[in-house]
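Comments concern the structure below.
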Amino acid sequence: MTILELLDYTGVAVFAATGALSASRKQLDIIGFLFLAAATGIGGGTFRDVILGIPVFWVVNPTYLIVCVTVALVVFVLAHRIESRYRLLLWLDAMGVSAYCVMGAAKGYAATGSPTVAITTGVLTASFGGIIRDLLANEPSVLLRPEVYITAALIGAAAFTGATVAEAPLWVASAIGMGAAFIVRGGALRFGW
Amino acid sequence: MTILELLDYTGVAVFAATGALSASRKQLDIIGFLFLAAATGIGGGTFRDVILGIPVFWVVNPTYLIVCVTVALVVFVLAHRIESRYRLLLWLDAMGVSAYCVMGAAKGYAATGSPTVAITTGVLTASFGGIIRDLLANEPSVLLRPEVYITAALIGAAAFTGATVAEAPLWVASAIGMGAAFIVRGGALRFGW
Amino acid sequence: MTILELLDYTGVAVFAATGALSASRKQLDIIGFLFLAAATGIGGGTFRDVILGIPVFWVVNPTYLIVCVTVALVVFVLAHRIESRYRLLLWLDAMGVSAYCVMGAAKGYAATGSPTVAITTGVLTASFGGIIRDLLANEPSVLLRPEVYITAALIGAAAFTGATVAEAPLWVASAIGMGAAFIVRGGALRFGW
């Protein structure tokens with residue numbers, strides 16, 4: 001498994017978990033869990049691939065769908081035991097944004113070679129999943145602080161793209177991008193930025 | 001005309017009628033009828049084709065647009081004579097979901113050969129049209145009971161895909177899938193499941 | 001630069017300005033300006049290109065993204081000096097609709113040769129940017145009078161397509177289409193149609 005595949009599975013699983021937690025907070029049934037987990041897990045990446053004109057990742061490799069279903073079932077069984085589902089949702093969402101802003105930028109850069117396009121697809125990919133989830137679950141959009149959310153995705157995508165243009169190895173650029181996004185988003189959650 | 005083309009025209013016409021009935025309930029003018037009929041009629045299939053990376057059906061064959069326009073005009077002339085437009089909307093919508101979960105699964109299976117992808121595109125295609133209509137017309141989303149709605153699409157898509165994998169002829173698999181979805185959705189409407 | 005490129009840049013810049021003005025009305029920070037300007041500026045054209053199955057314009061040519069960023073920064077600096085940002089937003093939006101209904105129809109006609117498809121992509125392209133902006137900024141959808149808005153796009157797209165089918169030169173057809181749309185939309189703003 002390559003670094004990018006690992007990032008992609010992580011992003012899908014983590015966003016699927018946030019979708020399932022939203023379903024749990026709304027006390028939906030198992031179908032609601034499956035639908036929200038899948039829509040949130042694959043939404044951002046679907047949008048990215050359609051815009052870039054490349055085959056949609058889960059159509060090529062349905063394993064991503066199995067990941068969403070598995071995550072939805074696990075959260076369905078365990079969610080009521082978790083003390084603060086909203087707190088957990090916020091932190092998982094921060095991880096998802098960090099993974100997805102890098103994935104989006106990496107695919108955008110690979111498809112076009114343009115740093116501007118890479119940063120744009122990074123931000124769009126990272127923010128789309130959360131927007132879809134909050135719209136479908138009727139939660140306050142992108143979890144209270146939309147501007148910090150988008151700022152985190154922008155900084156992460158720009159850091160990854162900058163490191164890539166400077167010819168850093170892929171795993172270094174990915175770590176820098178994810179770290180930068182997570183520090184901004186996590187800092188906002190922890191210290192109320 | 002093949003079975004799938006027939007299903008596609010039926011799905012488009014029936015969903016277009018529900019869009020036009022929504023326009024009627026909101027007392028929109030003729031432009032509102034045309035827009036809501038077209039958006040609802042072609043919305044689900046557009047989404048399906050874009051995700052599967054195949055040419056969008058109404059771009060290839062504009063007859064589908066003519067169907068939407070015709071349906072919108074007919075409903076515009078007749079709608080005020082119908083006693084319960086909402087009741088009719090609900091039942092037409094149930095027909096549309098049944099036709100579209102099979103169409104979505106059939107196209108997804110044909111494009112990828114994966115049952116998992118087929119079931120997913122079946123559910124997405126069937127639910128997308130209704131979500132778009134309710135969003136644009138500002139009706140309660142997917143008509144009151146979103147979970148039964150998605151369950152019906154899921155069961156219909158799974159039944160069609162299962163029958164197809166078991167090598168049932170196309171018309172048998174289509175009948176099984178549509179029947180299963182319509183029984184679940186219709187039962188929910190009739191008996192308040 | 002061709003006529004169509006000029007129209008496309010105009011549509012992107014003008015819609016980006018309406019997105020930035022929405023951000024200003026909501027007192028968002030600079031990131032909010034950038035996001036709303038980009039989403040509104042490139043939203044309609046992205047939708048058009050994805051549906052037509054052609055490469056998305058700003059992925060091919062990132063200059064469009066630079067235009068959005070520049071417009072967002074200019075509006076960020078100047079917006080507080082403008083007396084009625086809403087009034088300006090309405091008129092810029094009317095210009096954007098006029099440019100985009102022609103661009104959408106032109107690309108749809110070039111891709112398919114079908115007048116029906118051309119008119120449909122014209123209306124969808126012109127209305128999608130405004131719908132996205134109003135959804136994200138939580139403004140009343142397509143600025144108060146959705147039906148006149150869609151009517152303007154429909155008349156502009158139909159006028160352009162009619163002139164093109166009648167073999168009018170591109171610049172004549174474009175001027176007729178834009179003029180027709182702008183008269184309808186502007187008349188609605190000025191005289192309360």
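Letters A, B, ... mirror the listed sequences (proteins, then strands); counts begin at 1.
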(request) For the pair Thr18(B) (side chain) and Phe15(B) (backbone), establish whether a donor and an acceptor sit closer than 3.5 Å, ignoring hydrogens and angles. (result) yes

(message) Just to be sure I understand the criterion: a residue of residues 102-116 of chain C counts if one of its heavy atoms is under 4.5 Å from a heavy atom of chain B. Which ones qualify?
(response) Thr112(C), Ser114(C), Thr116(C)

(message) Distance check, rounded to the nearest 0.5 Å: Arg48(B) atom CZ versus Phe57(B) atom CZ?
(response) 6.0 Å

(message) To check you understand the geometry: which heavy-atom pair defines the closest contact between Thr40(C) and Arg133(C), and what is its length?
(response) OG1-CB, 3.2 Å

(request) Name the region of Val59(B), side chain, backbone, both or neither, that has any atom closer than 4.5 Å to a heavy atom of chain C. (result) both

(message) Can you tell me which portion of Ile51(C) sits under 4.5 Å from chain B's heavy atoms? Options are side chain, backbone, both or neither.
(response) both

(request) Indicate yes or no for a side-chain donor-acceptor contact from Thr121(C) to the backbone of Ala118(C) under 3.5 Å, with no hydrogens or angles considered. (result) yes

(message) When you compare the side chain of Cys101(C) with that of Phe160(C), does any pair of heavy atoms fall below 4.5 Å?
(response) no

(request) Please flag which part of Leu124(C) lies under 4.5 Å from any non-hydrogen atom of chain B: side chain, backbone, both or neither. (result) side chain

(message) Please identify which of these residues, Val12(C), Val123(C), Leu7(C), meets the side chain to side chain contact (heavy atoms under 4.5 Å, CB included) condition with Tyr100(C).
(response) Val12(C)

(request) Using atom types as modelled and distance alone, determine if a side-chain donor or acceptor of Ser24(B) lies under 3.5 Å from a backbone N or O of Ala20(B). (result) no

